[in-house]
2 protein chains.
Amino acid sequence: MSARPAKPERHRLLRGLLEGDPFITDRELADRLGVSVQTVRLDRLELGIPEARERTRRVAEEATRKVRSVMTGEVIGELVHVSLGEEAISVLEPTADMAFRRTGIVRGHHIFAQANSLAVALVDAEVALTGAATVKFLHPVRAGDRLVARAQVTQRAGRRYRVNVVSQVAGKDVFRGEFVVFASGPAPGEAGSEGGKLHEDRP
Amino acid sequence: MSARPAKPERHRLLRGLLEGDPFITDRELADRLGVSVQTVRLDRLELGIPEARERTRRVAEEATRKVRSVMTGEVIGELVHVSLGEEAISVLEPTADMAFRRTGIVRGHHIFAQANSLAVALVDAEVALTGAATVKFLHPVRAGDRLVARAQVTQRAGRRYRVNVVSQVAGKDVFRGEFVVFASGPAPGEAGSEGGKLHEDRP
DNA sequence: CCACGTATTAGCATCTGCTGCTAATCCAGT
DNA sequence: ACTGGATTAGCAGCAGATGCTAATACGTGG
């Protein structure tokens, strides 16, 4: 019961500190843990923790990748099958980041995003915009679940597509949605040409 | 017309390179631009570009912040007014990241996310889950637009709320949606208690 | 009590990617 | 030919590391 925590305890503390702030330097760590810099180095070595510079770089890259995939990705989730104009399937494995911390239940808009992006990707056109959607969240989805979305074109009139999307976890329907998607030629043009509403596109 | 690009041209190239990869080092920059390391340093100085370490750190922090706000934020956008159980307003200024590069049109799920999270936040309960939604994208929204969403509870039966959300850009309706949200007591419980469908919560 | 092992600390050389400074060189314009 | 902007070179120094060696502290078993 020294003022100083024992080694294994210190190792947990170390991990904790770095969890909270990955940019923290050896010197600072040494101060906070009440040990020498050398000890911190040995600890990092034992725990296989890279140096601050490296950690920062990794965080930067991973976070960037994440932002890109969430914000910029063509399809949310992984496209596992496409038959343009007919049907498409994507798989998304929601992380804890996508869920409410308290309940672990995935936020609805991620499920919507998967379905919507899939519906849009399915349409065989330069540019496609979602005009409307009717969706039902049938059952909560938890972080770690394997979310499989299947989209099918059910109707087509000119540039207006009707796409049904069903998402499942372990074979059970958790989400169902109907999307109206408008396709545009190479010339995107402005909104509301015929049916009136439109909104999404595909790069 | 030397093989080497002129200074202003090189400056643009420099910006471009760093845009593509912010982690790139002075040495590498010098190689790619065909000049000496010193010149790169002078250029960075002129352009007010910080060193690679600093750039990496910034990217890491910003991206992390962004991911958090997109993935974990309670409300997508900034909550500017709430009257629990009645109405709420949030403002979102979509960045280029949220739009398709080709057209600059904001992806539908961001607009949906703003509306959905607002509807959920509006419900005065420990936990709230979206059960269903019917939405219409009336007009394209572009990166840089100021997207104002207004949610109103239009009906309430027990723990079942009906929430209307209208989003505007410069006073013009661009999105309209109707959300069915289920509120739960302190004990979240499992899904489908009465009305059948539910799905979102609030931390 | 002493010896051995583990943990901790210290010190030093070295590396990378920078800053800050001074000095040399090149090259074009008048 | 001279001046001035652009470029290059070289060097000292810093921060935050690594890798290595050595000294010290603190048990615990013999």
Side-chain angles (χ1 to χ4, degrees), chain A residues 1-69 72 97, chain B residues 1-68 97:
Chain A
M1 44 207 74
S2 51
R4 275 213 231 119
K7 193 171 176 179
E9 168 68 9
R10 193 184 57 221
H11 281 189
R12 285 193 298 108
L13 285 174
L14 186 67
R15 284 188 208 274
L17 283 173
L18 290 179
E19 185 100 14
D21 179 6
F23 312 126
I24 194 169
T25 188
D26 277 8
R27 187 67 186 71
E28 283 178 277
L29 286 170
D31 286 351
R32 301 204 195 182
L33 295 173
V35 294
S36 70
V37 178
Q38 287 80 355
T39 300
V40 171
R41 300 217 289 238
L42 291 174
D43 285 354
R44 279 200 298 103
L45 211 68
E46 275 185 74
L47 297 173
I49 296 172
E51 60 165 308
R53 263 110 95 151
E54 178 66 15
R55 290 192 307 265
T56 307
R57 233 204 58 235
R58 290 191 191 183
V59 168
E61 281 177 355
E62 202 209 334
T64 305
R65 195 179 50 65
K66 229 181 213 168
V67 169
R68 292 250 179 289
S69 72
T72 317
D97 294 326
Chain B
M1 44 204 70
S2 52
R4 276 214 230 118
K7 193 171 177 182
E9 169 68 10
R10 193 183 58 222
H11 281 189
R12 285 193 298 110
L13 284 173
L14 187 67
R15 285 189 207 273
L17 283 173
L18 290 179
E19 185 100 14
D21 179 6
F23 312 126
I24 194 170
T25 188
D26 278 8
R27 187 69 186 73
E28 283 178 277
L29 286 170
D31 287 351
R32 302 204 196 181
L33 295 173
V35 294
S36 69
V37 177
Q38 286 80 356
T39 300
V40 171
R41 299 216 289 240
L42 291 175
D43 286 353
R44 280 201 298 103
L45 212 67
E46 276 184 74
L47 297 173
I49 295 171
E51 59 166 307
R53 262 112 91 155
E54 178 66 14
R55 289 192 307 264
T56 307
R57 232 203 60 236
R58 290 192 191 180
V59 168
E61 281 175 355
E62 201 209 334
T64 305
R65 196 178 49 65
K66 226 180 217 169
V67 170
R68 293 252 178 288
D97 293 327

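Sequence lines set the chain letters: A, B, ... in the order given, protein chains first and strands last, and positions in each chain run from 1.
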Atom-to-atom span, CZ of Phe23(B) to C1' of dT16(C) - whole angstrom: 18 Å
Can you tell me the distance, in whole Å, between the CZ atom of Arg41(B) and the C1' atom of dC21(C)? 10 Å
Among dT7(D), dT9(C), dC18(C), the one nearest any side-chain atom of Leu42(A) is dT9(C)
Polar side-chain atom of Arg55(B) near backbone of Asp21(B) as donor-acceptor pair, under 3.5 Å: no
Under 4.0 angstrom, heavy atoms only, what part of the nucleic acid is Arg44(B) near: base, sugar-phosphate, or nothing? sugar-phosphate
Any donor and acceptor pair, going by atom type alone, linking the side chain of Arg10(A) with main-chain N or O of Gly34(A) inside 3.5 Å? no
Tell me the interatomic distance from Glu9(A), atom CD, to dT8(C), atom P, rounded to whole angstroms. 13 Å
Answer yes or no: is there an ion pair linking Glu54(A) with Arg57(A), defined by an N-O contact shorter than 4.0 Å? yes
dA7(C) P sits how many Å from Arg10(A) CZ, rounded? 9 Å
Examine dT8(D): is either OP1 or OP2 under 4.0 Å from a nitrogen or oxygen in the side chain of Ser36(B)? Give yes or no. yes
Quickly work out the His11(A) NE2 to dA7(C) P distance and round it to whole Å. 9 Å
Residue among His11(A), Gln38(A), Arg15(A) satisfying side chain to side chain donor-acceptor pair (under 3.5 Å) with Asp43(A): His11(A)
Output the single nucleotide from dT9(C), dA17(D), dC18(C) whose closest atom is nearest the side chain of Asp26(B). dC18(C)
Separation of dT16(C) P from Leu29(B) CG (nearest whole Å): 18 Å
Among dT9(C), dC20(D), dA9(D), find the nucleotide with the atom closest to the side chain of Gln38(B). dA9(D)
Return whichever of Val37(B) or Glu51(A) has its heavy-atom-nearest nucleotide of DNA chain D closer to the 5' end. Val37(B)
When you match Arg53(B) and Asp43(B) each to their closest nucleotide on DNA chain D, which lands nearer the 5' end? Asp43(B)
If I take atom CZ in residue Arg55(B) and atom C1' in nucleotide dC18(C), what distance separates them, rounded to the nearest angstrom? 11 Å
Contact under 4.0 Å: Thr25(B) side-chain N or O vs dT16(C) OP1/OP2: no
Starting at atom CZ of Arg57(B), determine the distance to atom P of dG16(D), rounded to an integer number of angstrom. 11 Å
Among Leu13(B), Leu29(B), Leu47(B), which one satisfies side-chain contact (heavy atoms from CB on, under 4.5 Å) with Leu18(B)? Leu29(B)
